[in-house]
Chemist: 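Before I ask anything, here is the structure I am working with.
In the text below, chain A, chain B and the rest are named by the order of the sequence lines, each starting its count at 1. Owing to the predicted nature of the structure, the values given are computational and were not obtained by experimental measurement. The figures here come from the full heavy-atom set of this structure, side chains too, leaving out hydrogens, waters and symmetry mates.
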2 protein chains.
Amino acid sequence: MYKIEFHDFFNAAFSVDCIIFGYEAGQIKALVIKRAMEPYNNYWAIPGDLVYPDEDLPVAAERVLKELTGLDHIPMHQSQTFGHPKRHPQGRVITISYFALVRIDALHVKASSFAEEISWVPINALPTLAFDHNHILESTYEILKQKLHHEPVCFDLLAERFTLHEFQQLYEFAFEQELDKANFRKKIKYIPLIGLEEKQKNVKHRPAKLYKFDRESYQKQLINGDYTFKM
Amino acid sequence: MYKIEFHDFFNAAFSVDCIIFGYEAGQIKALVIKRAMEPYNNYWAIPGDLVYPDEDLPVAAERVLKELTGLDHIPMHQSQTFGHPKRHPQGRVITISYFALVRIDALHVKASSFAEEISWVPINALPTLAFDHNHILESTYEILKQKLHHEPVCFDLLAERFTLHEFQQLYEFAFEQELDKANFRKKIKYIPLIGLEEKQKNVKHRPAKLYKFDRESYQKQLINGDYTFKM
DNA sequence: GCAAAAGTGTTTGGATTACACCCATGC
DNA sequence: GCATGGGTGTAATCCAAACACTTTTGC
């Protein structure tokens, strides 16, 4: 055991990485940016950057995401922290990863000066990413899958109005197994959904009814304690 | 948006906090130490300390736990990271919390020079702790409760040999609801337990049979995929 | 009419619940 | 004997899986 002075401990930096998941064309995807700076110039990476000395972590995550992708007002949750001494080539940098779920169809991302390109990549076909970002992304996807079982986060990924088939496909993709249509619909019977009058258009089969998630009555049921989401 | 030099980011420190849960006398408890140094001298706190500049996080968690409590070879899992700029009075210190589950009956803790006292406190009757440690401990307890539902972590808390009633009481404590004895036993029917010949002794009622968790066959079932733990 | 997907009903077996009952031990 | 918890059986009910069937659209 060696002894160092108290102030010598204060020579680390830390960053936040923002993992943004979306759902598009039947696949769960993550947002990556192409780095336009060293280290790992030209590599795809999770959007992330260093945290300012007196900045709180969730605030930093919001700021960094906005600076790199233009995305604003996206609620994020903390995922995990990665701190291997050699994970960053330029010094000791601990990174705290945050993640968010978004509706890809409802937003427009734009690359910043530090990121020359932005792309949504399917979670099951990731390229080699900068730093330890493959590891970070994969282990955060595991957390997402856990949440899909026990919390209604699926409705953060689906478009605001969705068909029951799209809803089903999301779960089929995440858990890599086909589901029976009739049984799926029985299972979701108690999830508060609002059935809209509107239907699908321009499909070459019977148009499906569109639904919205009824957040308000879900909240009420949560407080009453007479319902717990489970899939 | 302000701009600071790259090297000026490197003036933060980080620590690990080790939350040790145990089960004793029908209650889930956490290990706390009484601090024998500033800041928060004489407060109860989660065992934790600063991480060395080139030390990996899980290694630091193990070292710190051993230094402060004498506990060694306790497998720990990362929980959450807390980084509010004002959470530590002496500078910017981010803390990464780790947690572990132990069998209180099977270990002996000893206070170090930095901790003049060690105590197990029931999770539902915590004193005011140093720093933001109440918050850290409570939110980690929520994670433990989640795990109790989906992973066989209960057997890390129970004594190696336990009665089915002790097993049931652990769940009754965690989820704050009474369970039917007969139904509880049907529910755990598929958990691989080894029934021992031995029985309880010196109890003033019919002695209960003792059981062990069959880790080996649980692992096999996991790999085969023909069983998932659920409580 | 045909293809394709939407949408619903029925049967079955297994799990969950509530509850009742008997058993072994210390005092 | 009696208090205390250990341990088991039963009937009613609910739920999930498998599968078949009808409906509505575009072409």
Chemist: Just checking A:Lys145: does its NZ atom have more than 12 heavy atoms from other residues, nucleotides or ligands closer to it than 6.0 angstrom?
Modeler: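 Check passes, neighbour count above 12.
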Chemist: With the threshold set at under 4.0 Å for non-hydrogen atoms, list the residues of residues 146-153 of chain B touching DNA chain D in residue-number order.
Modeler: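 Residues of residues 146-153 of chain B that come under 4.0 Å of DNA chain D do not exist, since none gets that close.
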Chemist: Can you check the A:Glu198 CD to D:dT25 P distance for me, whole Å?
Modeler: 15 Å
Chemist: Please determine whether the number of non-hydrogen atoms from other residues, nucleotides or ligands lying under 6.0 Å from atom CZ of B:Phe175 exceeds 12.
Modeler: yes
Chemist: Between A:Gln168 and A:Glu172, is any side-chain donor less than 3.5 angstrom from a side-chain acceptor?
Modeler: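 There is such a pair (donor and acceptor under 3.5 Å, judged by atom type) between the side chains of A:Gln168 and A:Glu172.
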Chemist: Once you apply a heavy-atom cut-off of 4.0 Å, does A:Tyr190 come out as touching a base, just sugar-phosphate, or nothing?
Modeler: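 The answer is nothing, as A:Tyr190 stays clear of every strand by at least 4.0 Å.
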Chemist: Rounded to whole Å, please give me the gap between NZ in A:Lys209 and C1' in C:dA5.
Modeler: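 After rounding, the gap between these two atoms is 17 Å.
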Chemist: Using the ring of each side chain (for Trp, its six-membered ring), is B:Phe155 parallel, tilted or perpendicular to B:Phe213, with breaks at 30° and 60°?
Modeler: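 Parallel: the ring planes of B:Phe155 and B:Phe213 meet at under 30°.
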Chemist: Which label fits A:Tyr141 and A:Phe21: parallel for a plane angle under 30°, tilted from 30 to 60°, or perpendicular past 60°?
Modeler: tilted
Chemist: Would you say the side-chain atoms of B:Gln80 and B:Ser139 include a donor-acceptor pair closer than 3.5 Å?
Modeler: yes
Chemist: If the sugar-phosphate is the primed atoms plus P, OP1 and OP2 and the base is the rest, what is the B/S/- string for nucleotides 18-27 of chain C, using protein heavy atoms under 4.0 Å?
Modeler: BB---BBBS-
Chemist: Provide, to the nearest angstrom, the distance between the OH atom belonging to B:Tyr211 and the P atom belonging to D:dG6.
Modeler: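 Nearest whole value for this atom pair: 12 Å.
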Chemist: Can you check the B:Leu179 CG to C:dT16 C1' distance for me, whole Å?
Modeler: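 Whole-Å distance recorded here is 13 Å.
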Chemist: Could you tell me the separation between the NZ atom of B:Lys189 and the P atom of C:dT17, rounded to a whole number of Å?
Modeler: 13 Å
Chemist: Using only heavy-atom distances, determine whether the side chains of B:Thr95 and B:Asp17 contain a donor-acceptor pair under 3.5 Å.
Modeler: yes
Chemist: Between C1' on D:dG9 and CZ on B:Phe184, what's the gap in Å once rounded to a whole number?
Modeler: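 The answer, rounded to whole Å, is 19 Å.
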Chemist: Quick one: sort the B:Phe229 and B:Tyr227 rings into parallel, tilted or perpendicular, breaks at 30° and 60°.
Modeler: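 Ring orientation of B:Phe229 relative to B:Tyr227: perpendicular.
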Chemist: From CG of B:Leu193 over to P of D:dG7, roughly how many Å is that when rounded to an integer?
Modeler: 13 Å
Chemist: So, are A:Arg63 and A:Glu67 salt-bridged, with charged N and O less than 4.0 Å apart?
Modeler: yes
Chemist: B:Lys230 NZ to D:dC15 P: how many Å, rounded?
Modeler: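 Nearest whole value for this atom pair: 12 Å.
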